[in-house]
Protein chains: 4
Amino acid sequence: MARKPQQQRSKATVDAIIEASFICVARDGTAATTTRHIADVAGISVGSLYEYFSNKEMIFDAMNERFVADVVAMLQPLVPVIARLPIGEAVKLILGHFEDFLGRNDQRYLKCARQAMGVDIKDHLGPITRVLMDIVMQHVMHHPEHMRLRHIPAMSYIFINGGIFAIVRHLSDPSPPISYEELAQGLADMISHYVAQEMLLTAPATQD
Amino acid sequence: MARKPQQQRSKATVDAIIEASFICVARDGTAATTTRHIADVAGISVGSLYEYFSNKEMIFDAMNERFVADVVAMLQPLVPVIARLPIGEAVKLILGHFEDFLGRNDQRYLKCARQAMGVDIKDHLGPITRVLMDIVMQHVMHHPEHMRLRHIPAMSYIFINGGIFAIVRHLSDPSPPISYEELAQGLADMISHYVAQEMLLTAPATQD
Amino acid sequence: MARKPQQQRSKATVDAIIEASFICVARDGTAATTTRHIADVAGISVGSLYEYFSNKEMIFDAMNERFVADVVAMLQPLVPVIARLPIGEAVKLILGHFEDFLGRNDQRYLKCARQAMGVDIKDHLGPITRVLMDIVMQHVMHHPEHMRLRHIPAMSYIFINGGIFAIVRHLSDPSPPISYEELAQGLADMISHYVAQEMLLTAPATQD
Amino acid sequence: MARKPQQQRSKATVDAIIEASFICVARDGTAATTTRHIADVAGISVGSLYEYFSNKEMIFDAMNERFVADVVAMLQPLVPVIARLPIGEAVKLILGHFEDFLGRNDQRYLKCARQAMGVDIKDHLGPITRVLMDIVMQHVMHHPEHMRLRHIPAMSYIFINGGIFAIVRHLSDPSPPISYEELAQGLADMISHYVAQEMLLTAPATQD
DNA sequence: CATGAATGAGTATTCATTCAT
DNA sequence: AATGAATGAATACTCATTCAT
């Protein structure tokens, strides 16, 4: 079963299946997405589905892999830029890119992210979390004074997870109580105020 | 068909069904929970299930309602206490209660919360968000100097949503990168540093 | 799944399913018999099938059990009679009953026996073999002079297995080269000649 | 579509397919053997399979044909030898060769024989039965005194069919109640005793 | 009110067969 | 001739829902 594609045509079919999977999951959710739906949307037969994926689970896995890869591909090139920005600006830049990214293709990624959130909280978001952690590290390295900050791992954990969820929830909300702009500014303020305060508290007593 | 329970026995049966629903969802997840499972665990027949709930969806709705009511019932009595605490203490107090609450009955609430997260991000968490907003308001009212804080709605939104998700994710993670204690302290620091910094920035120019 | 019938109606349904299974297997063979066929013939829905049998295999098992029980029920009452007959007569009596039995219900049992033969040669025929072995033993006990016979286990094995197959093959053959009467007489002769010869060879040397 | 092989390469491919068919059927049984399996084992593509055989059934038919031909090829050269042996020796010689033959290639032939037994009792075993009948005839011709035997067709039918099945069942049984040696000796005794007794009963009254 | 037997549309998956390359 | 991708009907099995008792 599920053999590796050996021809160009095969590769295209695999892509069509993953694409269809995105569309179906975005439209109906994971639970209501059937192999027949995917096959129909992909414009192929059910049988062909199983030429390339040994079962439905594998299709979703491939989709999640693609999702994660796309997020990473979006973030990766930003790393050097972000690392050099003031922290508030860095946050807003990332958030701007996220808004754009999650809105693509009729919010396909946003809807899939929501599906992934409830189930395998860790597994699928893992690589993304790693890139974000990397961004944090790079940023600290470009701002040596921040090395003084305490609890960087905990604060990163909170900020990354909390931030992602706040964004996803906000973008999913048809009538959010605040604007995305306010959300972005709020997150930027939250982190930059925190840093500022930490710097203050941990400042060497050279004042007197 | 589904009628409102009007007798004691009915009420007890409805409770048994909701209880069974909690148990099944915590054990197998929403997708794998069948009406038969619920009926078996509740100790009644499938037929009786439909005497009280017109369909499966309604059972889950009732369960979520109960979940939300329980969270609110847990938080409500804390409001006056929290309102009077310094903000960092307030956060840690709430987090302590959440940890206990989500761990009850073999993490029943935690597991259900995860199920609810991906699907109906808004609908079910709504009332909880409202109580938390209320806590924020009460706190501000007991700390009038905080009225000076800008963007309270945005910051509350971020903190409440981000905080809830960070907690749920952390408690669901079998090997979290930080301890719950660190998470709680981090969230407390995050908010209190933010407030401190805001107070600083918005301080009236009494310096000269 | 597959719960035990608790009402009269249930018992009747279980019987209908086994009956339908016999009909389908006799008509199409095991491999071509589908759960839908069985359900249709039984006059019930597929769903009901699985109320009583956890899977297709279980239906076939029940059918085989019934088959074996029916053969045993046919043979059992004959045991005391057979045990007292001369061996040739005993064989012919059994063969007569087998012919009748296998021909019942449009050769239902014959066709099922053929299916069982290729697959689980041992498992399903086991109990039948045991009854036949018992008949042999009873016969010997009523004919003490036969205790002198050597190799009774081997000869029983050969005769029982060979005999059953010869019968099944013959009855399944639309144009057999010999008549059933000849087959029966042949088997009777085969065994009685063997016994006679053995008695001769093992006779105490009273000749001189 | 299916054409007769007309070239060497074709012949080799056909052989490879039949060989693969044997391997698959012996390993998984007829029901679980798929065209893909056969093609894989044969080292060709499914498409090529249909170049040589119009459908799966034809492959199995060819396999059975080959099986029968192999049995016949095994028996044929023995005929002149067997015809000259005393009947008991003849039987044991044949049984010895059968044991060896059915055990070849990890019991390939034995397993296929079992598959064939339940389904097409007549069709495939026919030619084999004919050779065995021929052996009987040749034997009688070399032992003219046996012409006196009555019911030769019936007895041959019984002995051949019963014997084959007894052998197949015995060799398929992981823990048979008697040894193959005992089985062979038993069959030899059965027939030679029968013959001896018949000779006795039909002896011309030369006593006086 | 309670029961649990019955339903049947729906689901994932398989596999013999075809056909464009 | 050979390939292997594509097909889609068919299969075993599930489960929310109904209804006769």
Side-chain angles (χ1 to χ4, degrees), chain A residues 1-3 5-14 31-39 43-57 59, chain B residues 1-3 5-7 9-10 13 32-40 44-57 59, chain C residues 1-3 5-14 31-39 43-57 59, chain D residues 1 3 5 7 9-10 13 32-40 44-57 59:
Chain A
M1 1 245 149
R3 42 196 60 212
Q6 288 157 345
Q7 298 182 356
Q8 307 164 344
R9 189 155 55 131
S10 304
K11 183 69 176 65
T13 305
V14 165
T33 293
T34 72
T35 50
R36 178 160 284 277
H37 284 355
I38 296 175
I44 60 169
S45 67
V46 250
S48 293
L49 223 62
Y50 286 88
E51 271 310 300
Y52 301 103
F53 296 92
S54 47
N55 55 44
K56 202 171 88 160
E57 193 59 25
I59 300 175
Chain B
M1 308 280 157
R3 54 193 67 195
Q6 287 153 344
Q7 302 177 357
R9 190 158 53 135
S10 301
T13 306
T33 292
T34 71
T35 50
R36 180 112 80 167
H37 280 83
I38 297 175
D40 284 351
I44 60 170
S45 67
V46 256
S48 294
L49 221 64
Y50 284 86
E51 199 64 35
Y52 297 102
F53 295 92
S54 49
N55 56 43
K56 203 172 93 160
E57 194 58 25
I59 300 175
Chain C
M1 0 243 150
R3 40 197 59 211
Q6 287 157 348
Q7 298 181 357
Q8 306 163 345
R9 191 156 52 132
S10 304
K11 183 69 175 67
T13 305
V14 166
T33 292
T34 72
T35 50
R36 177 160 285 276
H37 284 353
I38 296 175
I44 59 170
S45 66
V46 248
S48 293
L49 222 63
Y50 287 88
E51 253 338 279
Y52 301 104
F53 296 93
S54 47
N55 55 45
K56 202 171 87 161
E57 193 59 25
I59 300 176
Chain D
M1 309 281 158
R3 56 192 64 195
Q7 301 176 358
R9 189 158 54 136
S10 301
T13 307
T33 292
T34 72
T35 49
R36 180 112 80 164
H37 280 126
I38 296 175
D40 283 351
I44 59 169
S45 67
V46 256
S48 294
L49 221 61
Y50 284 86
E51 199 65 37
Y52 297 102
F53 295 93
S54 48
N55 56 42
K56 202 172 93 160
E57 193 58 25
I59 301 175

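First the proteins, then the strands, lettered A, B, ... as listed; each starts at 1.
- Closest of all the heavy-atom pairs between A/Lys56 and A/Thr33 is NZ-O, 2.9 Å.
- For D/Leu49 against D/Thr35, the heavy-atom pair with the smallest separation is CD2-O, 3.5 Å.
- Rounded to whole Å, the distance from CD on A/Glu57 to P on E/dT13 is 9 Å.
- Annotation for A/Phe53 and A/Val14: closest pair CZ-CG1, 4.1 Å, computed over non-hydrogen atoms.
- Protein atom CD1 of C/Ile38 is 12 Å distant from nucleotide atom P of F/dT11, rounded to whole Å.
- At whole-Å resolution of the value, CG in B/Asp40 and C1' in E/dG4 are 11 Å apart.
- With the 3.5 Å cutoff on both pairing distances, Watson-Crick and G-U pairs in DNA chain F assemble into runs of at least 3 at E:2-21 with F:2-21.
- Where A/Thr33 and D/Ala32 meet DNA chain E, the nucleotide closest to each residue was compared, and A/Thr33 sits on the side nearer the 5' end.
- Contact check, C/Tyr50 against F/dT14: no side-chain N or O comes under 4.0 Å of OP1 or OP2.
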If you restrict it to nitrogen or oxygen atoms, what contacts under 3.5 Å exist between nucleotides 7-9 of chain F and the protein, and what is each distance?
| residue | atom | partner | partner atom | Å |
| --- | --- | --- | --- | --- |
| F/dT7 | OP2 | A/Ser45 | N | 2.9 |
| F/dT7 | OP2 | A/Ser45 | OG | 3.2 |
| F/dT7 | OP2 | A/Ser48 | OG | 3.1 |
| F/dG8 | N7 | A/Gly47 | N | 3.4 |

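- A/Tyr52 is not listed as a side-chain neighbour of A/Ile59, based on a closest heavy-atom distance of 4.5 Å or more.
- Partners of B/His37 according to the side-chain contact (heavy atoms from CB on, under 4.5 Å) rule, which considers only residues two or more places apart in sequence or in another chain, are B/Cys24, B/Arg27, B/Asp28, B/Thr34.
- Nearest nucleotide to the side chain of D/Asn55, out of E/dT13, E/dT17, F/dC13: E/dT17.
- Among the atoms of the strands shown, base atoms are found under 4.0 Å from some heavy atom of A/Thr35.
- Residues forming a side-chain contact (heavy atoms from CB on, under 4.5 Å) with B/Ser45 (at least two apart in sequence, or on another chain): B/Ser48.
- Rounded to whole Å, atom C1' of F/dA5 lies 16 Å from atom NZ of A/Lys11.
- Nearest to the side-chain atoms of C/Tyr52 among the listed nucleotides E/dC1, E/dA6, F/dA12 stands E/dA6.
- With distances taken from any side-chain atom of C/Thr13 to the nucleotides E/dA16, F/dT14, E/dA6, the minimum falls on E/dA6.
- Mapping D/His37 and A/Lys56 onto DNA chain E via the closest heavy atom, the residue that lands nearer the 5' end is A/Lys56.
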